[in-house]
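These notes are about the structure you will find just below.
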Protein chains: 2
Amino acid sequence: MAKEKVTSAEVAALAGVSQSAVSRVFTPGASASAKTVEKVRKAAEQLGYRPNVLARAMVSGRSRIIGLVVAYLENQFYPVALEMLSNALQKRGYHILIFTAPNSTDGVDGLLEELMDYQVDGIIAASVSMSSDLAARAQRAGIPVVLFNRGQDGPGLSHVTSANVEGGRKVAEFLIAGGHERIAHIAGWQGSSTGRDRQAGFLAAMRAAGKRPFATVDGMYSREVAAACARQLLQGGTRPDAIFVGNDHMAFAVMDVIRDQGLVPGQDISVVGYDDVPLASWGAYRLTTLRQPVNRMVEAAVDLVLRQIEERDAAQDHIEIEGELILRSSARIPEGWTK
Amino acid sequence: MAKEKVTSAEVAALAGVSQSAVSRVFTPGASASAKTVEKVRKAAEQLGYRPNVLARAMVSGRSRIIGLVVAYLENQFYPVALEMLSNALQKRGYHILIFTAPNSTDGVDGLLEELMDYQVDGIIAASVSMSSDLAARAQRAGIPVVLFNRGQDGPGLSHVTSANVEGGRKVAEFLIAGGHERIAHIAGWQGSSTGRDRQAGFLAAMRAAGKRPFATVDGMYSREVAAACARQLLQGGTRPDAIFVGNDHMAFAVMDVIRDQGLVPGQDISVVGYDDVPLASWGAYRLTTLRQPVNRMVEAAVDLVLRQIEERDAAQDHIEIEGELILRSSARIPEGWTK
DNA sequence: CTGAAAGCGCTTACAG
DNA sequence: CTGAAAGCGCTTACAG
């Protein structure tokens with residue numbers, strides 16, 4: 001039976017080698033003779049020895065911990081991403097230390113201190129913006145930061161997003177092709193790059209087609225705000241015949257409001273979301289939406305941080321992944337387009 | 001400008017005190033004169049010093065890290081719990097190291113090793129079972145384990161759940177009071193205590209009322225399985241007039257199937273879930289469900305681990321929190337009951 | 001209250 | 001390949 005805590009020294013004693021030898025056997029790439037390896041492995045097994053990650057971290061300067069700043073978990077996009085991120089990182093020998101953040105910018109500032117206290121090797125920040133001051137501090141500390149699903153103004157940070165401007169454009173073009181005349185936009189939070197980019201793409205495509213949006217309002221990425229916006233839009237004499245909503249999470253609220261008014265999404269009013277979270281495909285919503293390829297975004301983010309950690313040279317990078325419009329029944333499908 | 005890494009020795013030098021003094025100033029409860037505190041604080045501020053948590057962990061034996069084993073994040077119950085857990089722990093100076101687990105028992109076994117490598121102070125395992133062998137190992141290592149939303153056969157682990165047997169009973173009584181004649185149960189995974197307990201309570205209440213369930217099947221906590229079960233139940237000549245589903249996540253799938261068949265939940269067939277995740281109150285579902293009070297479950301779990309960590313004596317405990325039936329429109333409401 | 005010193009469990013030059 | 005030794009950044013008795 002293994003005892004509470006076994007150290008490399010105890011293994012060394014049992015194996016009849018030096019403590020350094022034990023360490024080498026457990027350090028990938030270090031040299032040890034086959035005989036030593038065998039003796040050590042046997043002793044370690046017998047004692048139930050496993051290297052103490054924290055001690056290793058102290059001397060090597062690598063904790064194998066990635067700080068993940070996350071918020072807004074009500075939006076199904078993030079739990080899904082979180083799970084994938086954790087799996088991908090686990091597979092490469094890292095683990096995630098979670099920091100739940102307030103959704104505002106200033107909330108993150110205090111977190112960085114704590115993050116650094118734990119000597120994390122890198123930081124992935126999902127769904128939060130970061131001041132460039134913060135970026136600078138992390139950089140000075142030599143900790144790579146990757147923004148996930150959020151861009152950044154100014155230099156300093158890597159980030160991975162989907163092609164949001166283009167996504168917004170695609171949605172507008174789809175809606176225009178569908179013959180909609182009064183297209184409204186309940187935008188993603190205009191304090192975030194994703195919200196702004198999607199809106200910019202949407203407006204650009206409208207302009208290019210010589211159309212003006214029926215209305216453009218900020219849904220703040222909030223169910224409540226989006227629902228209020230939708231109610232507002234529906235109450236006038238003429239109402240929109242299509243609404244592009246800045247993300248799926250808000251789009252569900254909008255659909256709920258539409259139905260509350262006795263209208264049918266996809267017939268009376270087309271609704272298009274952004275993300276393609278699992279719920280979007282469920283029977284109750286069947287939401288047409290611009291899919292953000294989470295798996296590829298996750299892969300990119302993981303590659304980015306780990307590359308910056310493991311090969312110090314690796315420069316920052318901005319990765320943009322293209323999304324695809326997923327056609328379902330919440331929006332009228334233009335003739336000739338196939339589901 | 002702070003430099004990359006500042007140590008207590010550097011602060012000591014600048015402040016003109018010993019390194020031990022610096023350490024004391026940053027150790028709550030350690031004694032230092034007002035003058036020393038001031039000199040040290042000033043120097044620390046100037047240099048941008050913060051204690052290295054890992055170094056502190058090494059010597060003190062406390063990492064202030066809680067390992068969280070989690071899976072099944074598609075079920076909105078868990079992201080919600082995760083966020084609350086993280087917030088509660090953060091507030092008390094701990095952080096969560098995430099381990100995503102396969103939903104099976106054996107998957108967790110390997111994780112425990114990794115968990116212990118990081119010298120976590122405690123473990124919270126959500127939505128996973130644990131072999132008693134595993135429990136024993138953690139115990140031997142002196143690491144308290146708390147099962148969240150899962151019970152355990154045999155001794156060794158603390159756990160917090162809602163009152164599942166009673167919850168199942170309440171649902172049955174509600175359905176019986178509603179005058180339903182053919183009540184089916186798509187149960188939670190029978191490999192889990194929650195699934196078994198809810199079913200047991202349900203069956204007991206049925207028996208007590210002299211009723212036999214229309215059918216009882218295992219939904220495995222899976223959308224797909226639950227949907228298949230629902231289709232099965234609906235296709236015969238006589239179909240159930242009520243279905244108690246083992247959790248909300250499956251209940252949504254069941255409602256989707258019911259509507260696909262042109263039936264209306266709450267009119268043609270009553271559906272009752274378990275959990276009361278946020279989605280249950282959204283317009284598209286309005287699911288009647290037995291609420292698990294996540295906030296109280298989280299508080300209890302956090303208290304339990306921290307107590308076991310901070311006062312070594314604290315014994316294991318099994319905490320059961322009562323839930324409440326939330327009446328919405330997915331199920332017929334018995335006369336006299338109020339929403 | 002305060003400093004010198006030992007030690008937490010490792011990794012990593014440094015000699016051999 | 002291998003061992004002795006230094007050192008990672010702290011906390012904590014131990015004297016004073």
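Residue numbers start from 1 in every chain, and the chains themselves are labelled A, B, ... in the order their sequence lines are given, proteins ahead of strands. Please read these numbers as outputs of a predicted model, since none were measured by experiment.
In this structure, A:Phe26 has its ring center closer than 6.0 angstrom to the ring center of A:Tyr49.
Note on B:Tyr118: every side-chain N or O is 4.0 Å or more away from OP1 and OP2 of C:dG9. An OP1 or OP2 oxygen of D:dC10 is reached within less than 4.0 angstrom by no side-chain nitrogen or oxygen of B:Thr7. For D:dG3, one of the phosphate oxygens OP1 or OP2 lies less than 4.0 angstrom from a side-chain nitrogen or oxygen of A:Ser18.
In terms of position along DNA chain C, the nucleotide closest to A:Ser8 lies nearer the 5' end than the nucleotide closest to the other residue of the pair A:Ser8 and A:Arg24. Both A:Gln19 and A:Val37 sit near DNA chain D, but only A:Val37 has its closest nucleotide nearer the 5' end. Checking B:Ser31 against A:Met58, the closest nucleotide of DNA chain C that is more toward the 5' end is the one next to B:Ser31.
If you take CD of B:Glu10 and C1' of D:dC10, they are 13 Å apart, rounded to a whole angstrom. Rounded to whole angstrom, the span from the CD atom of A:Glu38 across to the C1' atom of D:dC1 amounts to 16 Å. In this entry the distance linking NZ of A:Lys5 with P of C:dG9 reads 8 Å, nearest Å. Rounding to whole angstrom units, CG of residue A:Asn52 and C1' of C:dT11 are separated by 12 Å. Between the CD atom of B:Gln119 and the P atom of D:dT11 there is a distance of 17 Å, given to the nearest Å. Per the geometry, CZ belonging to A:Arg56 stands 21 Å off P belonging to D:dC10, to the nearest Å. Counting to the nearest Å, the P atom of C:dT11 and the CZ atom of A:Phe26 are 10 Å from each other. A straight line from CG of A:Asp117 to C1' of D:dG9 spans 13 Å, rounded to a whole angstrom.
Within the shown strands, C:dT2 is the pairing partner of D:dA15 under the Watson-Crick or G-U definition, both distances less than 3.5 Å.
Within 4.0 Å of A:Ser23, counting heavy atoms only, lies at least one base atom of the nucleic acid. Contact annotation for A:Thr27: backbone-only contact, meaning every heavy-atom pair under 4.0 Å involves sugar-phosphate atoms and none involves a base. Counting any heavy atom pair closer than 4.0 Å across all strands shown, B:Ser33 reaches sugar-phosphate atoms only and no base atom. Across all strands, A:Ser20 comes closer than 4.0 Å to base atoms (heavy-atom distances).
Listed nucleotides: D:dT2, C:dG9, C:dG3. Nearest to the side chain of A:Thr36: D:dT2. Minimum atom distance to the side chain of B:Ala32 is reached by C:dT2, of the listed C:dG9, C:dT2, D:dT11.
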Test side chain to side chain contact (heavy atoms under 4.5 Å, CB included) applied to A:Ile66 and A:His95, step by step | CA-CA 6 Å; A:Ile66 304 292; A:His95 286 276; over 6 Å; no

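Checking B:Thr100 against A:Asn87 by side-chain atom types alone, a donor-acceptor pair falls below 3.5 Å.
Residues B:Arg64 and A:Asp117 are not paired through a salt bridge, judged by the lack of any N-O separation under 4.0 Å between the basic side chain and the carboxylate.
Ring pair A:Tyr78/A:Tyr72 is tilted by interplanar angle, where 30° to 60° counts as tilted.
Enclosure of atom CD in A:Glu113 by more than 12 non-hydrogen atoms of other residues, nucleotides or ligands within 6.0 angstrom is indicated.
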